[in-house]
There are 2 protein chains.
Amino acid sequence: MAVALTSPPKGSRAARTRATEDRILAVALESFGTKGFDSVSLDDLATDLGITKQAILYHWSSKRALLDAVIDRAALELIIEFDGALSEDGTGWSRVESVVRRIFRVAMRRPELLGFIREISRIGGDASLRVTADLEPFVTRATAYFEREMDAGRIRRCDPGLLLVSAYSTVLGAATEVEVLRAVGIEPTLRSTVVRRRELLSFLYAAMVAPEYALTQAPR
Amino acid sequence: MAVALTSPPKGSRAARTRATEDRILAVALESFGTKGFDSVSLDDLATDLGITKQAILYHWSSKRALLDAVIDRAALELIIEFDGALSEDGTGWSRVESVVRRIFRVAMRRPELLGFIREISRIGGDASLRVTADLEPFVTRATAYFEREMDAGRIRRCDPGLLLVSAYSTVLGAATEVEVLRAVGIEPTLRSTVVRRRELLSFLYAAMVAPEYALTQAPR
DNA sequence: CGGTTCACTTACCAAGTGGTAAACATTCGC
DNA sequence: GCGAATGTTTACCACTTGGTAAGTGAACCG
């Protein structure tokens, strides 16, 4: 459940304005992320919110401007969800494991957030540039972390950017690629998710951890 | 370049009908796969094809019926692209490697084909069921292959379905997640793709190949 | 208290949406 | 060659789309 990310005076008119803007952004993120930007009309959003389309257009001058605001919000929430994992204690595998667990948790509880990022990538153009720019600090931190771990010999040496992409798409796929899972005969229930996460962790463990270091750690 | 998949009398009226239907399906697959189903109107398609929207509606009674036809075609083309790799010579790693190379080739040359599968997953409902059903025989072959390789001790033992999903989403991600690549500072040029594929192969190699067997094979 | 600002609604609109009906041209079977 | 089936177009329609203009009631500020 997304909540207000900042809080002016409270009870004031400005506060209530912020609150409805938050509501709109939350519903828009949910809808855009699951159904796609073009598949959701302003009228759809307004109906879900119990307001009129023009109320939305009062806060943002166009649907496209609303999208930009949703992008910023999604990036912010993603960073909040994941950045903490990079700050957690532990090194090498244990930290990677905690990140994977977080992504799974997010994918289970808020699939629209990850779906939205995919949607933005597909829209391309300015939208992609925006989300890229928003997430840049996080990406920098993550790759820097990988580089440190490689230097310490705890993670197999390779291009940290590519490692991040591989790990990202592997986890995101296993967590969200519901139809593909169905195709291979795996119903995405809550129980199977636990199994899936464990299998994926050992997949990633094998792929990432340096062989010399692996001897001193257990993958589960 | 997709071409006609079957060929009646030739030159006949039936042949020309089939040809235009093929053209429509090809353009629809391309557009739906890159822009999304809802983002492409029948008028858009017709304009691209140099015909009128009603010509499309003559061959399929509704936009939704057209989508079903495009799904069938996409699944068929996917199977043609990948199924051959499973029949190729070689065992264990070498065969996996050839499949990965094929996926990369497809992702580079026909990104809309893979994008379309993603789009269908998002649409959900009947569309997903349809593509799942279409691809079922291929998935069965692929998992059976993994199981044989595990029995032979050439691939690390694990759930073959999950292994397929992990490999699928990893490769698909590295091949298509262009925006994410940009975010980590990798411009998706043709040269960088070669590097990416090599890195990904060693990532997959480490993840999949059984350690005992690995000693007898080189990952690149 | 009174005017102004603010958040929002009602009333529209032009452009596009998927889809229908009928006219038209070409090619086929005979 | 001729009527019929076939593929395509022109004309049209009801409905939805993003967006504008003007109005309304409440909260704010002096």
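First the proteins, then the strands, lettered A, B, ... as listed; each starts at 1. It should be emphasised that the depicted structure is a prediction, and the values quoted were computed from it without experimental measurement.
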Would you mind reading off the distance between [X] atom [atom1] and [N] atom [atom2], rounded to a whole angstrom?
X: Q54(A); N: dG23(D); atom1: CD; atom2: P; answer: 16 Å
X: D43(B); N: dC12(D); atom1: CG; atom2: P; answer: 16 Å
X: L45(B); N: dG18(C); atom1: CG; atom2: C1'; answer: 12 Å
X: K63(A); N: dA15(C); atom1: NZ; atom2: P; answer: 19 Å
X: K53(B); N: dC12(D); atom1: NZ; atom2: P; answer: 14 Å
X: L42(B); N: dT16(D); atom1: CG; atom2: P; answer: 17 Å
X: L57(A); N: dA7(C); atom1: CG; atom2: P; answer: 15 Å
X: D38(A); N: dT17(C); atom1: CG; atom2: P; answer: 11 Å

* S39(A) vs S61(A), nearer the 5' end of DNA chain D by closest nucleotide -> S39(A)
Under 4.0 angstrom between [X] side-chain N/O and [N] OP1 or OP2:
X: T17(A); N: dC6(C); value: no
X: T52(A); N: dT9(C); value: yes
X: Y58(A); N: dA7(C); value: yes
X: H59(B); N: dT8(D); value: yes
X: S41(B); N: dG16(C); value: no

Shortest non-hydrogen contact from [X] toward [Y]:
X: L49(B); Y: R23(B); value: O-NH2, 2.8 Å
X: L113(B); Y: E77(B); value: CD2-CB, 4.3 Å
X: A46(B); Y: K53(B); value: CB-N, 3.4 Å

* Could you verify whether a donor N or O on one side chain and an acceptor N or O on the other, from T140(B) and E136(B), lie under 3.5 Å apart? => yes
* For the side chain of A55(B), counting heavy atoms from C-beta on, which of dC8(C), dG19(C), dT8(D) is nearest? -> dT8(D)
* Examine distances only and state if a side-chain atom of R122(A) and a backbone atom of K35(B) form a donor-acceptor pair shorter than 3.5 Å. => yes
